[in-house]
Visitor: 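My questions will all concern the structure given below.
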Amino acid sequence: MQVFMALLHFASPRWIKHMKVEEIAREFATEGSIGEVKSHKGGHINDSYHLVNQTGDKPDYLLQRVNHYVFKDVDLLMRNMSIVTEYIEDIVGKEDPENLSRKVLRIIPTVHGKSYFKDPDGNFWRVLNFIEDHVVFERATDPRIAYEGARMFGNFTSMLSGMDATKLGYTIPDFHNLKWRLSNLKESIKEDAAGRVKLVRDEIRYVESSTKLMSTIQDLGEKGAIPLRVTHNDTKINNVLFDKDLKGLCVIDLDTVMPGFVHSDMGDGVRTFTNTGEEDDENLDNVTMDLELFRSFATGFLDSTRKILNPTEIETLVHAGLLFPFMQGVRFLTDYLAGDVYYKIKHKEHNLVRTRAQFKLAQDGESKMVVMQEIIKGLV
Ligand code: GN1
Ligand code: MG
């Protein structure tokens, strides 16, 4: 396959026009004149660039290449994104019209009026407004960050609770379906494409022994006890932008907004806001679930969702904090075994280091589950 791809690459340059990022930026209906194009730090999937406007009073923009290995249907993804951003702009526009441009994401169309541009190499690009003077965090160093970030993510779901979730398509089918994630892991163990199974026996044993506990939310979903909502599905701490006074501005990274369970948003939030270490911490002693940060996160999340959640959702919210580090570990482990084909990595063992840190976090969460449940009870 790789040889075939390489041949294809060498056979194509005569008629394929490889475009520069600057040229791609010119395909969009931006205002003013774009000068510098700076690479912008983003997540593990897409590539982002900051388009700096040379015209004084005109705004900057964010150009992104959407990873179409991960998002197979970019057309559907952009349709979802248009529906959601317009819906939110309507609500926020009534609440705070003066600060609208820093509080919502807007899709800037191409010069032909489309929501994305496909370049001759088959890459998909989009442009969004650049939110000025924002701050992002990789870790919650202050309970106020956990509270405010959680309130922002909760408010996102809450704002969208008036929308029929089936209006949106699935940008990644089965994204948070644990059974599917586990069957992918099984498959990658069987294939052992990178010859690494022998290195992860302990991790595989941990997955097998934890599956039952981690399936609680999936079981509830299958029974129809928890409703499908419009959820964000990637509520990482670095997907909320703050202003300098630690007030939440805007929730970003809407690629995975689709029908889901509220536990996804609680879960990825707990996973990233309460971790005292890094997502890929090599020192597992650093990785714990901080109960004070958990209290702040749960308070913020419930302050903005209390009014929309049903009693079963609230009662089972605590499970989300264990499931999401666990499932994330399963996903990193699967990618490690497959030879690092999905997540961007910084070194050869990166996905294994990430796996171990996520499993440590899930274990620490499990040992604190009773206390966390008490905290949630005290909040409702
Ligand atoms: C990916 O690209 P980023 O960092 O926003 C992933 C999430 C994971 C996360 C782990 C589409 O998100 O699901 O939770 O990495 N996104 C996709 O850090 O798979
Ligand atoms: Mg993301």
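Note that the structure is predicted; figures quoted are calculated from it, not measured. Residue numbers start at 1 and run along the sequence shown. Start at 1 and go down the list; that is how both ligands and their atoms are numbered.
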Visitor: Starting from atom 6 (C) of ligand 1, find the nearest protein heavy-atom neighbour and note its residue, name and distance.
Guide: Arg331 NH2, 3.9 Å
Visitor: Does the side chain of Tyr342 pick up a donor-acceptor pair with the side chain of Asn351 at under 3.5 Å?
Guide: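 No - no donor-acceptor pair under 3.5 Å links their side chains.
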Visitor: Any N or O on Tyr342 sitting closer than 3.5 Å to an N or O of ligand 1?
Guide: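 Between Tyr342 and ligand 1, an N or O pair is found under 3.5 Å apart.
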Visitor: Output the list of atoms in ligand 1 that are nearer than 4.0 Å to some heavy atom of Glu279, sorted by atom number.
Guide: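 Listed by number with element, the hits are 10 (C), 18 (O).
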Visitor: So is Arg271 actually on top of Phe324's ring, under 6.0 Å and inside 45° of the axis?
Guide: no
Visitor: Can you report which non-hydrogen protein atom sits closest to atom 14 (O) of ligand 1, along with the distance?
Guide: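 Going atom by atom, the protein heavy atom closest to atom 14 (O) of ligand 1 ends up being Gln328 OE1, 2.6 Å.
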Visitor: Measure the distance from atom 2 (O) of ligand 1 to every protein heavy atom, then report the residue, atom name and distance (to 0.1 Å) of the closest one.
Guide: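 Sorting protein heavy atoms by distance from atom 2 (O) of ligand 1 puts His44 N, 2.8 Å first.
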Visitor: Taking Arg79 first and then Asp75, would you say they form a salt bridge - that is, a charged N and a carboxylate O separated by under 4.0 Å?
Guide: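 Looking at Asp75 together with Arg79, the answer is yes, because their closest N to O distance falls below 4.0 Å.
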Visitor: Indicate whether the side chain of Ser158 and that of Ser304 have a donor and an acceptor atom separated by less than 3.5 Å.
Guide: no
Visitor: Looking at Arg151 and Glu148, is any side-chain nitrogen of the basic one under 4.0 Å from a carboxylate oxygen of the acidic one?
Guide: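 Arg151 and Glu148: salt-bridged.
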Visitor: One residue to check: Asp234. Relative to ligand 1, which of side chain, backbone, both or neither has a non-hydrogen atom less than 4.0 Å away?
Guide: side chain
Visitor: Pull out every atom of ligand 1 sitting under 4.0 Å from any heavy atom of Arg271, numbered as shown with elements.
Guide: 10 (C), 14 (O), 18 (O)
Visitor: List ligand 1 atoms under 4.0 Å from Tyr343, heavy atoms only on the residue side.
Guide: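 Answer, ordered by atom number: 15 (O).
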Visitor: Taking 4.0 angstrom as the limit, do Glu23 and Arg26 come out as a salt bridge?
Guide: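 Between Arg26 and Glu23 there is no salt bridge, as every charged N stays at least 4.0 Å from the carboxylate O atoms.
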Visitor: I need the contact type for Asp268 against ligand 1. Using non-hydrogen atoms and a strict under-4.0 Å cut-off, is it side chain, backbone, both or neither?
Guide: side chain
Visitor: I need the nearest protein heavy-atom contact for atom 1 (C) of ligand 1: residue, atom name and distance, please.
Guide: Ile45 CG1, 3.8 Å
Visitor: With 2.8 Å as the limit, jot down which protein N, O or S atoms are around the Mg ion (ligand 2).
Guide: Asp234 OD2, Asp253 OD2
Visitor: When you check the gap from the basic side-chain N to the acidic O, do Arg139 and Asp290 get nearer than 4.0 Å?
Guide: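 Between Asp290 and Arg139 there is no salt bridge, as every charged N stays at least 4.0 Å from the carboxylate O atoms.
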Visitor: What protein heavy atom sits nearest atom 4 (O) of ligand 1, and how far off is it?
Guide: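 Here the nearest protein heavy atom works out to Lys236 NZ, 2.6 Å.
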Visitor: Is the centre of the Tyr343 ring less than 6.0 Å from the centre of the His350 ring?
Guide: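 No, ring centres 6.0 Å or more apart.
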Visitor: What part of Asp253 sits under 4.0 Å from ligand 1 if we count only heavy atoms: the side chain, the backbone, both or neither?
Guide: side chain
Visitor: Looking only at protein heavy atoms, identify the closest one to atom 11 (C) of ligand 1 and say how far it is in Å.
Guide: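 Here the closest protein heavy atom is Phe71 CZ, 3.5 Å.
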Visitor: Would one find an N or O of His176, backbone or side chain, under 3.5 Å from an N or O of ligand 1?
Guide: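 Checking ligand 1 against His176, no N or O pair falls under 3.5 Å apart.
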